[in-house]
Amino acid sequence: MAAIRGLIKQFPRQLAQQNLPRVSSFFVAYVGAIQTGSEARLVGCCALQFYSKRLSEVRSLAVHPDFHDRGVASQLVECCKQRALARGIKELFAVTSQTEFFQRLGFATFRREKIAMFFEVN
């Protein structure tokens with residue numbers, strides 16, 4: 001979990017830093033070790049947070065900048081989709097500023113064009 005937190009901390013403006021899902025909710029991507037015999041390096045993570053038997057959230061998606069545009073994020077989201085399918089989840093959502101990325105992966109705005117709205121309680 002320390003490595004996941006370290007990766008997420010690289011994106012303080014984009015990703016929530018508190019109340020992360022449990023480590024068992026995360027999929028991770030590594031480089032090294034098997035291919036090179038070197039120490040494995042965490043380069044990506046993504047969590048699937050279950051809210052009900054029907055609804056789950058794809059969240060905490062982070063990929064190290066050195067590994068952007070290599071398909072790591074897409075593969076991590078695909079892992080979340082597959083786990084949701086295996087668990088019988090009907091709908092996934094993502095709260096994101098990267099709408100084009102998620103649209104390429106089949107996500108869309110809600111059927112009736114509803115928008116998630118937030119209120120920060122201080």
Side-chain angles (χ1 to χ4, degrees):
M1 194 63 189
I4 290 171
R5 285 186 189 280
L7 181 59
I8 289 172
K9 283 182 181 180
Q10 292 186 36
F11 305 96
R13 293 184 180 190
Q14 294 89 359
L15 296 174
Q17 304 293 310
Q18 302 296 320
N19 303 317
L20 293 176
R22 295 174 297 169
V23 71
S24 61
S25 299
F26 278 91
F27 290 96
V28 293
Y30 286 94
V31 295
I34 295 171
Q35 298 101 334
T36 64
S38 64
E39 186 175 327
R41 176 181 170 201
L42 179 75
V43 298
C45 65
C46 187
L48 182 63
Q49 179 129 16
F50 295 96
Y51 293 113
S52 69
K53 292 180 181 180
R54 177 175 173 70
L55 183 67
S56 292
E57 179 183 8
V58 174
R59 61 170 292 192
S60 304
L61 175 61
V63 175
H64 190 281
D66 292 347
F67 292 86
H68 285 185
D69 299 320
R70 295 189 187 186
V72 175
S74 297
Q75 290 175 341
L76 289 167
V77 172
E78 183 60 31
C79 289
C80 290
K81 287 177 168 182
Q82 292 303 314
R83 181 176 284 173
L85 181 65
R87 296 235 179 135
I89 298 297
K90 302 296 181 200
E91 234 172 349
L92 293 179
F93 74 96
V95 177
T96 182
S97 61
Q98 303 297 317
T99 55
E100 290 181 14
F101 168 76
F102 279 95
Q103 285 173 342
R104 284 194 309 269
L105 299 179
F107 286 71
T109 57
F110 193 70
R111 290 176 194 90
R112 291 176 202 88
E113 299 300 321
K114 292 185 180 177
I115 298 170
M117 299 178 73
F118 298 86
F119 177 79
E120 187 171 327
V121 180
N122 291 325

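Computed from a prediction, not measured in an experiment: that's the story for all the values here.
- In this structure, OG in Ser60 is found 9.0 Å from CD1 in Ile4, a value given to the nearest 0.5 Å.
- Every residue two or more places apart in sequence or in another chain that forms a salt bridge (charged side-chain N to carboxylate O under 4.0 Å, His left out) with Asp66 is listed here: Arg41.
- Note: Ser74 OG to Lys81 NZ = 8.5 Å, rounded to the nearest 0.5 Å.
- One finds the NZ atom of Lys9 at 13.0 Å from the CG atom of Leu15 (value rounded to the nearest 0.5 Å).
- Counting heavy atoms from C-beta on, the side chains of Leu48 and Val58 come closer than 4.5 Å.
- Between Gln10 and Pro65, the shortest heavy-atom distance links the atoms OE1-CD, 3.4 Å.
- When side chains are defined from C-beta on, Phe50 does not count as touching Pro21, because their heavy atoms never get closer than 4.5 Å.
- Smallest separation of non-hydrogen atoms from Ile89 and Lys53: CD1-O, 3.5 Å.
- At a threshold of 4.5 Å between side-chain heavy atoms, the hydrophobic network of Ile, Leu, Val, Met, Phe, Trp and Tyr places Leu85 and Phe93 in two separate groups.
- Judged by distance alone, with hydrogens and angles left aside, the side-chain atoms of His64 form no donor-acceptor pair with the main-chain N or O of Leu7 at under 3.5 Å.
- Closest of all the heavy-atom pairs between Phe67 and Val63 is O-CG1, 3.7 Å.
- To the nearest 0.5 angstrom, Glu91 atom CD is 13.5 Å from Tyr51 atom OH.
- By the 30° and 60° cut-offs, the orientation of the rings of Phe102 relative to Phe107 is perpendicular.
- A pairwise comparison of heavy atoms in Met1 and Val23 identifies SD-CB, 3.8 Å as the closest pair.
- A distance of 12.0 Å separates SG in Cys45 from CZ in Phe27, rounded to the nearest 0.5 Å.
- Across Gly44 and Leu76, no two heavy atoms sit closer than the pair C-CD1, 3.7 Å.
- Nearest heavy-atom pair, Leu92 versus Ala84, reported as atom, atom and distance to 0.1 Å: CD2-CB, 3.7 Å.
- When each of Glu57, Arg22, Arg59 is paired with Gln49, the side-chain hydrogen bond (donor to acceptor under 3.5 Å, both in side chains) condition holds for Arg59 and for no other.
- The CD atom of Gln75 sits 12.0 Å away from the CZ atom of Arg70 when rounded to the nearest 0.5 Å.
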